[in-house]
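Convention: sequence-line order gives letters A, B, ...; per-chain numbering from 1. Please read these numbers as outputs of a predicted model, since none were measured by experiment.
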Amino acid sequence: MADQYRPTMLSSCALAATAAEARFRVQYPNSKARVSRVFALDQHAAEAMYAITEAPWNGAHFLTVTTRGDVVPDETGIDDLPLSTPDGSPALLSEELQGANVVILLSSQHSNAGAAEVIAREAYHRNIMTVGLTLGQGASDERVNAVVNTLRPFTSVLVVASDNDYVPAMLSALRA
Amino acid sequence: MLSKEVNDLLTRTDPGTPMGDMFRQYWIPALLAKELPEDDCAPVRVKLLGERLIAFRDSKGRYGLIDEFCAHRGASLWFGRNEEGGLRCPYHGWKFDYTGQCIEVPSEPEESGFCESIKLRGYPLVKIGDILWTHMGDKEQRPEMPVWEFATVPAEQTFTSKRWQECNWLQAMEGGIDSSHVSFLHSGNLQTDPLFRGAGGNKYNLADKKPVFEVVESDGGLYIGARRMAEEDQYYWRITPWVMPSFTMVPPRGDHPVHGHFWIPIDDENCWAWSFDYHPTRALTKEEREALEAGYGVHCKYVPGTFRPLQNKDNDYMMDREAQKRGETYSGIWGIAVQDSSLQESMGPIADRTKENLVSTDNGIIMARHRLRKAAVALRDKGVQPPGRVKEHQLVRSVAKVLPQDQPFKEACKEDLTVRPGVKQTSV
């Protein structure tokens with residue numbers, strides 16, 4: 001360890017860490033808008049997502065995977081995955097991922113593993129961080145575990161939340 | 001990012017604030033038991049949750065935690081005479097018992113009953129393990145006594161310290177659930193600290209610098225799992241439990257003692273970082289205890305006679321840029337505890353979270369804030385008691401374990417994450 005006796009100078013921690021000095025912190029926007037894409041993989045997840053899409057987000061796009069059957073990843077090209085926006089318009093995965101910083105896979109009681117893999121695979125190729133958020137509200141532990149196991153290979157961060165309120169909390173925290 | 005309103009809600013703990021009311025639902029550490037070593041010993045000033053108090057131990061061994069200031073003229077009872085079953089103000093001789101009840105006013109006739117009408121605010125102070133615990137909320141809502149494993153194992157198996165941290169409790173506590181900083185800030189300690197080195201799991205930490213995180217709610221708070229690649233088809237998991245409002249445990253390493261923390265607000269700009277090490281099934285060795293007392297692991301060295309770290313902001317935490325260049329420490333600061341506190345204090349007395357840019361690996365922090373906020377609001381608006389008060393929530397352990405890749409850690413480690421008396425910690 002270095003010497004414990006040091007003179008206190010204007011740049012010393014003793015002065016710099018005070019509340020008085022906090023007011024001299026430079027005030028400016030220190031980040032650009034984040035480009036977030038939220039994909040609801042099943043109907044319950046879509047309902048949780050639609051409940052918050054009207055909030056004033058920072059450019060986040062909200063999309064729903066609209067296929068009713070199983071998606072076979074090896075047979076599904078990037079723009080073959082049926083996606084829709086909250087107003088029902090179709091969307092293309094390739095366009096939605098253009099310039100994205102973070103992809104959030106929102107799932108509930110149904111894993112829709114194939115769709116998750118198609119999105120996550122493309123996000124991986126584009127070096128986009130992928131987060132899995134599983135909503136456990138009303139679902140059995142077995143069901144949640146099944147969904148979590150499905151998402152695990154494709155996500156860099158995986159969260160299991162017991163209530164739908166976590167969706168806006170997380171998106172706000174991430175400046176989505 | 002948090003709005004200023006939410007940041008204020010989570011960080012302010014004075015009486016009457018939502019988070020202050022929430023902390024007052026729990027038994028919290030108040031003093032080390034050794035601070036009141038014998039009957040009629042010197043009283044100790046204590047500030048908790050923005051309240052100035054005085055702790056003392058009376059002639060019968062009863063612990064008291066009462067308003068610091070005499071009800072007569074407001075003199076500090078730190079100057080009091082601790083004698084014959086009470087603390088007597090030396091100014092005019094008023095005397096108070098361990099509950100804060102005035103038991104003597106020399107200037108008034110004893111028969112007048114005047115002193116019975118005088119009572120200082122008083123809180124219970126109870127010794128469990130090395131700690132004196134208090135509950136600063138309504139007596140009617142008082143929870144059962146705490147049962148944290150570190151505080152209830154035999155004395156030879158546990159060690160507790162506390163240090164003054166000069167910042168708000170929340171930014172300090174968030175460090176305890178922010179597993180991603182370990183690969184950077186503490187990377188120099190993994191192979192050198194006597195309480196970490198030699199563990200089998202260290203090789204996974206060193207080989208895989210980009211852990212993947214899973215955050216799962218528990219009844220009492222959260223489990224934050226960090227997984228790294230292990231042998232084929234396996235993950236090395238390090239699982240950190242957080243129990244509301246401010247208890248965390250660090251995942252174990254080998255057979256080293258298990259460590260963890262409580263962060264308790266002193267006021268809005270200071271907190272106590274309580275740190276413990278214990279082993280569930282054996283006494284700490286002489287070498288371990290010496291290392292703990294010397295400030296290794298999650299403990300620290302002190303300014304002699306105080307609970308202030310020897311490395312503090314007045315000496316720039318004894319920053320050693322040469323040690324940083326040599327690779328001995330990552331930040332240039334010696335010791336895990338002060339590596340953390342130096343950065344947390346540098347954020348300012350209360351971190352401004354309106355300017356932060358969290359990323360997805362911060363989900364443990366995001367979820368903890370979310371749960372704290374919900375619990376504080378539910379208590380304020382509906383009187384709902386927050387999680388973390390009952391023994392089922394407190395009997396948790398941290399875990400380090402290698403699992404097949406297809407197993408969810410919460411299920412696969414269910415038993416390991418729970419205190420099992422007589423069974424050692426699950427560690428690699």
Side-chain angles (χ1 to χ4, degrees), chain A residues 1-9 11-23 25 27-31 34 58 101-104 129-134 136 141-142 144-146 148-149 151-153 155-163 165-166 168-175, chain B residues 1-3 6 166-167 210 212-217 225 227 235 269 301 303 310-323 332-335 342 345-350 352-353 355-367 369-371 373-374 405-408 410-411:
Chain A
M1 273 191 277
D3 185 5
Q4 65 177 292
Y5 301 105
R6 294 169 183 238
T8 299
M9 297 185 281
S11 64
S12 294
C13 295
L15 289 173
T18 60
E21 284 297 309
R23 75 185 179 93
R25 293 189 178 194
Q27 298 298 322
Y28 68 104
N30 65 5
S31 61
R34 199 168 299 186
N58 198 21
N101 307 124
V102 61
V103 160
I104 296 158
M129 189 77 169
T130 304
V131 182
L133 174 53
T134 299
D141 286 350
E142 292 74 23
V144 169
N145 288 341
V148 167
N149 278 344
L151 291 179
R152 180 172 292 119
T155 54
S156 300
V157 177
L158 192 50
V159 183
V160 182
S162 64
D163 67 78
D165 291 349
Y166 189 65
M170 185 183 84
L171 295 179
S172 297
L174 294 177
R175 298 180 183 272
Chain B
M1 189 271 282
L2 283 181
S3 67
V6 177
E166 297 174 63
C167 68
K210 293 191 76 172
V212 173
F213 294 97
E214 292 192 18
V215 180
V216 181
E217 291 184 66
R227 70 166 203 252
Y235 290 133
E269 298 186 356
K301 301 177 189 299
V303 174
L310 180 63
Q311 306 155 261
N312 56 60
K313 64 182 182 181
D314 288 344
N315 55 31
D316 288 331
Y317 307 93
M318 299 164 69
M319 166 65 79
D320 187 344
R321 304 279 183 188
E322 293 305 313
I333 307 289
W334 185 90
S342 57
E345 291 178 3
S346 78
M347 296 171 175
I350 303 177
D352 177 2
R353 292 176 175 80
K355 298 186 72 174
E356 67 186 6
N357 286 283
L358 297 186
V359 292
S360 46
T361 51
D362 293 316
N363 256 290
I365 290 172
I366 298 170
M367 179 68 91
R369 293 177 186 173
H370 175 64
R371 292 210 64 182
R373 178 189 178 190
K374 280 191 69 171
Q405 290 189 354
D406 62 352
Q407 290 194 14
K410 189 179 175 188
E411 290 301 313

Task: Atom group of B/E269 that falls short of 4.5 Å from chain A, counting heavy atoms - done: side chain

Task: CG-CG distance between B/N363 and A/L174, expressed to the nearest 0.5 angstrom - done: 6.0 Å

Task: Straight-line distance of A/S172 OG to B/L358 CG, nearest 0.5 Å - done: 11.0 Å

Task: For B/D314 against A/A14, the heavy-atom pair lying closest together - done: OD1-CB, 3.3 Å

Task: Contact origin within B/K374 toward chain A - heavy atom pairs under 4.5 Å - done: side chain

Open item on the list: I need the minimum non-hydrogen distance between A/N145 and B/E411, along with the two atoms involved.
Closed with: ND2-CG, 3.0 Å

- [ ] Would you mind checking if B/D352 and A/R25 are paired as a salt bridge, meaning a charged N to carboxylate O distance below 4.0 Å?
- [x] no

Task: Region of B/Q407 that comes under 4.5 Å of a non-hydrogen atom in chain A - done: backbone

TODO: Among the options A/A22, A/P153, A/A17, pick out the one with the most heavy-atom pairs lying under 4.5 Å from chain B.
DONE: A/A17

Open item on the list: Using every non-hydrogen atom in the two residues, find where B/S360 and A/V157 come nearest and quote the distance to one decimal.
Closed with: O-CG1, 3.4 Å

Task: Inter-residue atom distance A/S31.OG - B/M1.CE, 0.5 Å rounding - done: 9.0 Å

- [ ] Below 4.5 Å from any heavy atom of chain A, which atoms of B/R227 appear? Answer side chain, backbone, both or neither.
- [x] side chain

TODO: Please round to the nearest 0.5 Å and tell me the distance separating atom CD of B/Q405 and atom CZ of A/R152.
DONE: 9.0 Å

Open item on the list: Please rank B/E166, B/E356, B/R371 by heavy-atom pairs under 4.5 Å with chain A and give me the top one.
Closed with: B/E356

Task: B/M367 side, atom CE; A/L133 side, atom CG - distance, nearest 0.5 Å - done: 7.5 Å

- [ ] Drop me the distance from B/H370's NE2 to A/D163's CG, to the nearest 0.5 angstrom.
- [x] 4.0 Å

Open item on the list: Using every non-hydrogen atom in the two residues, find where B/V212 and A/S156 come nearest and quote the distance to one decimal.
Closed with: CG1-O, 2.9 Å

TODO: Examine whether an atom of B/I366 lies under 4.5 Å from a heavy atom of chain A, and if so say whether it belongs to the side chain, the backbone or both; otherwise answer neither.
DONE: both

Open item on the list: Would the distance check show the side chain of A/N149 and the main-chain N or O of B/D406 forming a donor-acceptor pair, the cut-off being under 3.5 Å?
Closed with: yes

